[in-house]
Structures are given as structure tokens and as C-alpha cells.
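Only one structure is covered here, and it is reproduced in the block below.
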Amino acid sequence: MIHLYFCEKSEREAAVRLALKNYTGKECTLARTKEGKPYALGNPAYFSLSHSGGVCVIAVSDEPVGTDAEVPTGKIRPAVLRSFSDRERREISSEGDFLRHWTAREAYVKMLGARLWDMLKYLEFYGGNLFAGGSPVPEKITFFYERGAIIALCAKNTEFEIKGLLKV
């Protein structure tokens, strides 16, 4: 079960430590991989963090997890859309469609701990499924809307529970 927390963007690092402590009962220190992915020292849980506009979401799980949140701005980003396949572009007729395609990719890449731009052309999201190098990924993508944002979760099991707003 993935636990989801929301926090103030300015408090995100302290909120991640609190979310991990709430999930496991253990204190932790945050560090980063060479790719820049944050992880917790001294805590067995996985987490992912995303923020957009005034929304900041933290996903915590026993297994690798990725999340991405995007607040609609009223625009589809043409430069990014050009990097999508023809099959994907045929599915995108609104900003909401675009954001589902984008957040699916980003949540998956965050789950892997990779960098999005290194994998952008390698990934394809169509028909509600994510593909890497032409093959479907084994992880699931789940979307939901909260606090004015579209949020994507990526994990082997995407059952989630919203735990609420963390105040640090």
C-alpha cells in the first residue's frame, strides 16, 4: 500500500523525513544518488516526491515508487509534444491528455531513479499503458486528481491511501 502525503513546497525535505517516520517509525537522513534521486539513509521505505504550482506530493511504499504531479496551466507544451510518438500524439487532444502522458513517463523514471531526458525517446504511453523500448513495463500507472493537479503513481502495486497534509 502506497501512502500519499501532501506538504508545503518550502517544507518538502522535512515533510519527506516525517512521512518516512510515519510510515516506518524510523528516523532518517536524506541523501541523493549521482543522478540526483533522493533516498533515505537508515530507513527501509522507498519514496518519491513531486511538486507543481502549489501542490507537493510525497509517495511512500515498501517497494520502489514514482510519482509526478502537474498543475494544469492551460497549455500543451509543443516542444515536449514533438518528442512523443505519432501514436501518442493522436491520443492527445487536450491539456489533460498531455499531462497524463507526461506524468506517466515522469513517475516511471522517478521510480527507476533515472533522468527523464535520458529516457524520453525510449518511453511511450498509449492506450493507458507505458512502454519502454517497445515492450510494456511490468509496473502499473495510476492517475488521480487532487488539489487541482493530475498525479501519476508508478509501482508494481499502485493501491494507495491519502494520509493528508503534513505540517512540519
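All values reported here derive from a predicted model rather than from experimental measurement.
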Donor-acceptor contacts, no H, no angles, side chain residues 158-168, under 3.5 Å, sequence neighbours left out:
unit_1, atom_1, unit_2, atom_2, d
T158, OG1, T142, OG1, 2.5
E161, OE2, K163, NZ, 3.0

### Query
Between E139 and K156, does at least one N-O distance fall below 4.0 Å, as a salt bridge requires?
no

### Query
So which residues get pulled into M1's cluster when ILVMFWY side chains under 4.5 Å apart are joined, directly or through others?
none

### Task
Can you see which heavy atom on A155 is nearest to which on P64, and at what distance?
CB-O, 3.7 Å

### ring-ring contact (aromatic ring centres under 6.0 Å, His included) pairs, two or more places apart, involving residues 42-87
F84-F98

### Query
Can you name the nearest heavy-atom pair linking D68 to S50, along with the distance?
OD1-OG, 3.1 Å

### Message
What verdict does the side-chain contact (heavy atoms from CB on, under 4.5 Å) test give for C28 and L41, after you've listed the backbone C-alpha separation in whole Å, the side-chain angles of each residue and the deciding distance to 0.1 Å?
### Response
CA-CA 6 Å; C28 70; L41 295 170; 5.9 Å; no

### G127 backbone acceptor or donor facing E91 side chain under 3.5 Å
yes

### Task
Using the rule that two of Ile, Leu, Val, Met, Phe, Trp, Tyr join whenever any of their side-chain heavy atoms come within less than 4.5 Å, decide whether I92 and Y145 are in one cluster.
yes

### Message
Over 60° means perpendicular and under 30° means parallel, so tell me whether F131 and Y126 are parallel, tilted or perpendicular.
### Response
parallel

### Task
Give a yes or no on whether the backbone of K26 and the side-chain of N43 come within a donor-acceptor separation of less than 3.5 Å.
yes

### Task
Determine, using the 4.5 Å side-chain heavy-atom cutoff (strictly less than), whether V57 and I141 are members of one ILVMFWY cluster.
no

### Task
Starting at CG of N157, measure out to CD1 of I2 and round the result to the nearest 0.5 Å.
6.5 Å

### Query
Distance from N22 atom CG to I58 atom CD1, nearest 0.5 Å?
10.0 Å

### Residues which pass side chain to side chain contact (heavy atoms under 4.5 Å, CB included) with S85, listed by chain and number, not counting sequence neighbours
R87, E88, E124

### Task
Could you tell me whether F143 and F125 have their ring centroids closer than 6.0 angstrom?
yes

### Query
Honestly curious: do I151 and L130 fall in one hydrophobic cluster under the side-chain, below-4.5 Å linking rule?
no

### Query
If every non-hydrogen atom of S48 is compared with every non-hydrogen atom of V65, which pair is closest and at what distance?
CB-O, 3.4 Å

Would you be so kind as to tabulate the donor-acceptor pairs closer than 3.5 Å made by side chains of residues 5-17, with sequence neighbours excluded?
unit_1, atom_1, unit_2, atom_2, d
R12, NH1, K9, O, 2.9

### Query
Taking atom OH of Y122 as the centre, does the number of heavy atoms from other residues, nucleotides or ligands within less than 6.0 Å exceed 12?
no

### Rounded distance (nearest 0.5 Å) linking atom OG of S52 with atom CD1 of I150
11.0 Å

### Task
Quick one: list whatever passes ring pair (Phe, Tyr, Trp, His ring centres under 6.0 Å) with Y39, sequence neighbours left out.
none

### Query
Just by distance, do the side chain of K110 and the backbone of L49 share a donor-acceptor pair under 3.5 Å?
yes

### Task
Output yes when a side-chain donor or acceptor of H3 lies under 3.5 Å from a complementary backbone atom of V60, and no otherwise.
no

### Summary
Rounded to the nearest 0.5 angstrom, the CD-CD distance for E106 and E70 is 6.5 Å

### Message
Ignoring hydrogens, what is the shortest heavy-atom contact between A107 and A152? Give both atom names and the distance.
### Response
CB-O, 3.8 Å

### Query
For L4 and L153, what are the C-alpha separation, side-chain angles and deciding distance, and is it a side-chain contact (heavy atoms from CB on, under 4.5 Å)?
CA-CA 10 Å; L4 292 173; L153 284 174; 3.8 Å; yes

### Message
Whether the side chain of T67 engages the backbone of A59 through a donor-acceptor N/O pair (distance < 3.5 Å, no angle test) should be reported.
### Response
no

